[in-house]
Amino acid sequence: MDTPAQGAARRTRTRLPSKIGTFYAIAIMCTKVLCVQASSLHFSKEPKSQDASHGRSAMLRCEVSEAAGVSYSWLQDGQTVLDSERRFLEGSNLKFTAVDRHLDTGNFQCVATNVASGEVATSANASFNIKWLESGPVTLKEPASIQEIDGAEQIVLQCQIDGHPRPNSKWYKDGTALSGKEKTLTLKNPVPGDSGTYSCCARNGALQICSNTSFTLSIIGRLVSVFVSVCMCVCIWGCAGFC
Ligand SMILES: *[C@@H]1O[C@H](CO)[C@@H](O)[C@H](O)[C@H]1NC(C)=O
Ligand SMILES: *[C@@H]1O[C@H](CO)[C@@H](O)[C@H](O)[C@H]1NC(C)=O
């Protein structure tokens, strides 16, 4: 004969398989999404794609809701980001002291790891839209060489300042502003009066920079040029006895 206590124990034991069965049923019904939501690693802050400026500081933010016992690392296009003086882990965030337009391209992801359970969560991708502006010289685009300037139908100068987004240019002749916003400056039917020192500056958004080398144009003009040739010829003839 069972004592009431033993009976209770047996009933508990016999009920156990059905409880386990229910548990498994719930576990199977529990979709991946539900499980992830129920897990301890849920991002309360995910890194966001953002504007940045080359050479300026920036921060990619990351946080999980249950932060205790969680360690963070970052990926750039799937590769672990190693701490350097320029970019490093600050708490859970990735701090950039000076964003680099060549080195900080691509997709960044935050990786949160629960140290105790080994559970890992990887955030959405985030990238920088890096604004930059880099100085350059004013160069001669047309004609092909300085020797061909005299007699050229048009002279085209190019402002070699480059950037993202595409900058607007401003031209100066001997320090005086000219009209036009293009990267090139066209002088049609150039005359000696177009001679001078040409420089340019460029602007995109908040950034502005000027050319690091200007271009000195010297146009003698056709008539003057013929006159000079004749003079030289006469001189050489006078001096050397032939032309
Ligand atoms: C994030 O970017 C990496 C590298 O560009 C890519 O392989 C991966 O599929 C992206 N992941 C998501 C979730 O978009
Ligand atoms: C001007 O800028 C260009 C492009 O950045 C660079 O290659 C060149 O060395 C610079 N020139 C001077 C005189 O600084």
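Whatever order the structure lists ligands and atoms in, that order sets their numbers, starting from 1.
If you check the side chains of Q160 and T139, you find a donor sitting under 3.5 Å from an acceptor.
Judged as a side chain to side chain contact (heavy atoms under 4.5 Å, CB included), and not counting sequence neighbours, the contacts of S195 are I219. Residues meeting the side-chain hydrogen bond (donor to acceptor under 3.5 Å, both in side chains) test with Q158, sequence neighbours left out: none.
The local environment of CZ in R61 is sparse, with at most 12 non-hydrogen atoms from other residues, nucleotides or ligands closer than 6.0 Å.
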message = Quick one, T113 with Y72, criterion side-chain contact (heavy atoms from CB on, under 4.5 Å). Give me CA distance, side-chain angles, the key distance, then yes/no.
response = CA-CA 6 Å; T113 306; Y72 296 88; over 6 Å; no
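In the hydrophobic clustering (ILVMFWY side chains linked at under 4.5 Å, chained through shared members), V111 is joined by L75, V120.
For ligand 1, the atoms sitting less than 4.0 Å from at least one non-hydrogen atom of N107 are 2 (O), 4 (C), 5 (O), numbered in the order shown with element in parentheses. Which parts of ligand 1 touch D77 is read off a 4.0 Å heavy-atom cut-off, strictly below it: atoms 4 (C), 5 (O).
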Within the protein, flag every N or O under 3.5 Å from an N or O of ligand 2, and note the pair and distance.
unit_1: ligand 2; atom_1: 2 (O); unit_2: S135; atom_2: O; d: 3.3
unit_1: ligand 2; atom_1: 2 (O); unit_2: N212; atom_2: ND2; d: 2.3
unit_1: ligand 2; atom_1: 5 (O); unit_2: S135; atom_2: O; d: 3.0
unit_1: ligand 2; atom_1: 11 (N); unit_2: N212; atom_2: ND2; d: 2.9
unit_1: ligand 2; atom_1: 14 (O); unit_2: N212; atom_2: ND2; d: 3.3

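Using a cutoff of 4.0 Å between basic side-chain nitrogens and carboxylate oxygens, R86 and D104 are scored as salt-bridged.
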